[in-house]
Trainee: 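Got a structure here, written out as structure tokens. Questions coming.
Residue numbers begin at 1 in each chain, while the letters A, B, ... track the order of the sequences.
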Amino acid sequence: MRIPLTKLAHARSGDKGDTANVGLIALRDEYYPLLVREVTAARVKEHFRGICQGAVERFELPNLRALNFLLHESLGGGGTLSLMTDAQGKTFSTALLRLTINVPDEEARALGLSE
Amino acid sequence: MNGMRELIRVACGQGFWGDMLDAPVRQVEGGPIDYLMLDYLAEVTMSIMQKQRARDPLLGYARDFVPLMREILPACVARNIRVTANAGGVNPPACAAAVRDVARELGLAGRLQIGIVTGDDILERLDDFLARGIELRNMDTGALLATVRDRIQSANVYLGAQPIVEALQRGADVVVTGRATDTGLTLAPLIHEFDWRADDWDRLAAGTIAGHIIECGAQCSGGNCQYEWQAIPDLANVGYPIVEASPDGTFVVTKHAGTGGRVSVPSVKEQLVYEMGDPHEYITPDCVADFTTIQLEAAGPDRVRVFGIRGRAATEFYKVSISYAAGFKAVGTLVYSWPDAYAKAQAADKILRARLERLGLRFDQILTEFVGANATHGALAGESSPDLAEVQLRVGVRGPDRAAVERFTKEIAPLILTGPPGVTGFAGGRPKVEEIVAYWPALIPKSEIAPRVEVLAV
């Protein structure tokens, strides 16, 4: 079944120059392996097509049940150069939460995700 | 001060220049704290301050800091609360002198010492560095500093905790720095109180991460928190964060009793990942902290215990923040109402662009956003409802030619009477032309920099 990330994670994003970072945090510890498996750098790059012009890097923080994504060349030059409303990438967090992932029905049930 | 204390409370009173003015007062008045840390400097702030000092040699620091000190110094002296602040900007001595004058007026002569940390300002030394082969290449792009040399407005090294520690050891009650790291303002009191060695990397990393958690003020105590945001109580009275640190490098993040907001494992996690790069190496002048070692544990209402932190040796470099003039920009907005609000705003954008083209105006970039339809999430927002109540057209331009940007600002208002109907929202007048001051990050060998510490008696 398709599950939106809003049911699995919360997030915060920010900027470093022209790079946006998004920290994606599992809402429950048992959701973390699902995020690691499904929310890959390639998947995030595809999700942000047209917005992220550069590479996407992913780092794992199993201790926090969190993933950190760096989205390079995403902020219109970054900092004061950017003309964007969101020059600091603050809303990239919720933009990532628009992603939906495929979870086998049985796994979703086991995780208490089916309605 | 003899005999090590078992618990030190460091409170954050200011997460950026422009943060809540009364937050530091409420930190001092709201319960027990030992240190108050105040972060005033963003990357762009230094160039603004450099311009202020060029006009008046007594300026160039965070002026809000002085009236704040007038308000809280008597309580700080009475309760032995010490202050670390990077309010000195490009002129820490002038900032310290202003605080000294205020302290004298308050009758605190003989009861207060002010530490001054300088040595971060390298603007006058740039040509010397370049001549000696220290290239100060842009860390992000690899470009040579020579490409912007004639447009540089400020250049400052991010100093770490050590010079602040020295000021505290020499008896400073208030330490005013220039460009010091946010984390150093929290770490320094812990090094000073707990006698942490300069190579005790795990503890230095712990103090650094404590600093990272509280340096953005209420952003770790319920502000801007996605996790169950509607259930976070009383943000009107939000409590700013406090670190209760122990000598072994563990600490608890909390806030004063009776304040709003929430300190929870999710609220602290959100702040930990904020502006994170590679979590294995969070690099500061003091150490390299490993965020993948952080352990969090709920420890009662509005209390999160943090432990397990590991760190590694500091690098041989300081980070340098250089600002330079990078042209001009302006942003104009108009609001279009139902029906067909989005279509009207799109039509207005086309008309505006055709006029700019006809005028022969050239820009490095023109960016159009439709607030209400796609300004924050772009195409991810999907198809807009044709029934939107209103859409704000927001057009920005950027380029090297001030006159062209100026001319652009005069093309927004005419759209009201010469474009699509149902338009409003021009009460603010013509958009302002802004000079862009851009940021150039670089590295410099630590051996080139000598932080200086002075202690001024009031």
Trainee: In sequence, state the C-alpha distance, the side-chain angles, and the governing distance for F48(A) and L380(B), and then conclude on side-chain contact (heavy atoms from CB on, under 4.5 Å).
Mentor: CA-CA 8 Å; F48(A) 282 97; L380(B) 289 168; 4.0 Å; yes

Trainee: Where does T19(A) contact chain B at under 4.5 Å (heavy atoms): side chain, backbone, both or neither?
Mentor: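 T19(A) has no heavy atom closer than 4.5 Å to chain B.
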
Trainee: Is N68(A) close to chain B through its backbone or its side chain, or both, or neither, when contacts mean heavy atoms under 4.5 Å?
Mentor: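 N68(A) touches chain B through side-chain heavy atoms alone.
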
Trainee: How many angstroms lie between OG1 in T85(A) and CZ in R394(B), if you round to the nearest 0.5 Å?
Mentor: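 Answer rounded to 0.5 Å: 3.5 Å.
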
Trainee: I'd like to know which of G327(B), C225(B), A379(B), A381(B) tops the heavy-atom pair count under 4.5 Å against chain A.
Mentor: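 Of the candidates given, the most pairs with chain A belong to A381(B).
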
Trainee: Please answer whether the main-chain N or O of V437(B) pairs with a side-chain N or O of T80(A) as donor and acceptor at a distance below 3.5 Å.
Mentor: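 Checked: pair present.
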
Trainee: What part of Q365(B) is in contact with chain A, defined as an atom under 4.5 angstrom from a non-hydrogen atom: side chain, backbone, both or neither?
Mentor: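 It is both, since atoms from each part get that close.
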
Trainee: Using non-hydrogen atoms only, which part of I294(B) is less than 4.5 Å away from chain A: side chain, backbone, both, or neither?
Mentor: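 Looking at I294(B), backbone and side chain both touch chain A.
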
Trainee: Chain B heavy atoms under 4.5 Å from S13(A): which part of the residue, side chain, backbone, both or neither?
Mentor: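 When you check distances to chain B, only backbone atoms of S13(A) fall under 4.5 Å.
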
Trainee: Is any side-chain heavy atom of E228(B) closer than 4.5 Å to a side-chain heavy atom of H10(A)?
Mentor: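 The answer is no, as the side chains (C-beta and beyond) never meet within the 4.5 Å cut-off.
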
Trainee: Counting only heavy atoms closer than 4.5 Å, note whether Q88(A) contacts chain B via side chain, backbone, both or neither.
Mentor: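 For Q88(A), neither part sits under 4.5 Å from chain B.
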
Trainee: Just by distance, with hydrogens left out, do Q226(B) and R12(A) show a side-chain donor and acceptor under 3.5 Å apart?
Mentor: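 Distance-only check fails for Q226(B) and R12(A).
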
Trainee: Is R312(B) atom CZ crowded by more than 12 heavy atoms from other residues, nucleotides or ligands, each under 6.0 Å away?
Mentor: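 Atom CZ in R312(B) is packed in, count exceeds 12.
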
Trainee: Does CD in E390(B) sit with more than 12 non-hydrogen atoms of other residues, nucleotides or ligands closer than 6.0 Å?
Mentor: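 No, not enclosed.
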
Trainee: Sort H47(A) into side chain, backbone, both or neither according to what part of it lies under 4.5 angstrom from a heavy atom of chain B.
Mentor: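 Both backbone and side chain.
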
Trainee: Using non-hydrogen atoms only, which part of I25(A) is less than 4.5 Å away from chain B: side chain, backbone, both, or neither?
Mentor: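 It is the side chain, since no backbone atom gets that close.
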
Trainee: Mind checking the CG-CG spacing from L83(A) to D364(B)? Nearest 0.5 Å is all I need.
Mentor: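 Atom-to-atom, L83(A):CG and D364(B):CG are 9.5 Å apart.
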
Trainee: Name the region of A11(A), side chain, backbone, both or neither, that has any atom closer than 4.5 Å to a heavy atom of chain B.
Mentor: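 The answer is both parts of A11(A).
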
Trainee: For the side chain of D86(A) and the backbone of T376(B), is there at least one donor-acceptor N/O pair under 3.5 Å apart?
Mentor: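 No, because the side chain of D86(A) does not come within donor-acceptor range (under 3.5 Å) of the backbone of T376(B).
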
Trainee: Please assess M276(B) against K16(A) for the test side-chain contact (heavy atoms from CB on, under 4.5 Å), listing each intermediate value before the final yes or no.
Mentor: CA-CA 9 Å; M276(B) 179 188 281; K16(A) 277 255 186 301; over 6 Å; no

Trainee: Which bit of V397(B) is near chain A, if near means a heavy-atom gap under 4.5 Å: side chain, backbone, both or neither?
Mentor: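 Just the backbone, heavy atoms under 4.5 Å.
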
Trainee: Against chain A, work out which of E434(B), H280(B), R398(B) has the most heavy-atom pairs shorter than 4.5 Å and name it.
Mentor: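 Top option by heavy-atom pairs under 4.5 Å: R398(B).
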
Trainee: Looking at every heavy atom in both N63(A) and F291(B), which two are closest together, and how far apart are they?
Mentor: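 Closest heavy-atom pair between N63(A) and F291(B): ND2-O, 2.9 Å.
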
Trainee: Heavy-atom distance under 4.5 Å to chain B: side chain of L70(A), backbone, both or neither?
Mentor: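 Side chain only.
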
Trainee: Select one option (side chain, backbone, both, neither) describing which atoms of S82(A) are under 4.5 Å from chain B's heavy atoms.
Mentor: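 Answer is backbone: N, CA, C or O of S82(A) sit under 4.5 Å from chain B.
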
Trainee: Hey, mind stepping through D18(A) and D140(B) against side-chain contact (heavy atoms from CB on, under 4.5 Å) and telling me if it holds?
Mentor: CA-CA 9 Å; D18(A) 200 20; D140(B) 295 338; over 6 Å; no

Trainee: In Å and rounded to the nearest 0.5 Å, what is the CG to NZ distance from L81(A) to K329(B)?
Mentor: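 Result: 7.5 Å between the selected atoms.
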
Trainee: State, to 0.1 Å, how close P279(B) and L61(A) come at their nearest heavy-atom pair, and which atoms those are.
Mentor: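 Minimum heavy-atom separation between P279(B) and L61(A): CB-CD2, 3.6 Å.
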
Trainee: Keeping N21(A) on the side-chain end and E275(B) on the backbone end, is there a donor-acceptor pair under 3.5 Å?
Mentor: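 Here the side-chain-to-backbone pair exists.
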
Trainee: If I measure from the heavy atoms of chain B, does L99(A) come under 4.5 Å with its side chain, its backbone, both, or neither?
Mentor: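 Neither part, no heavy atoms under 4.5 Å.
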
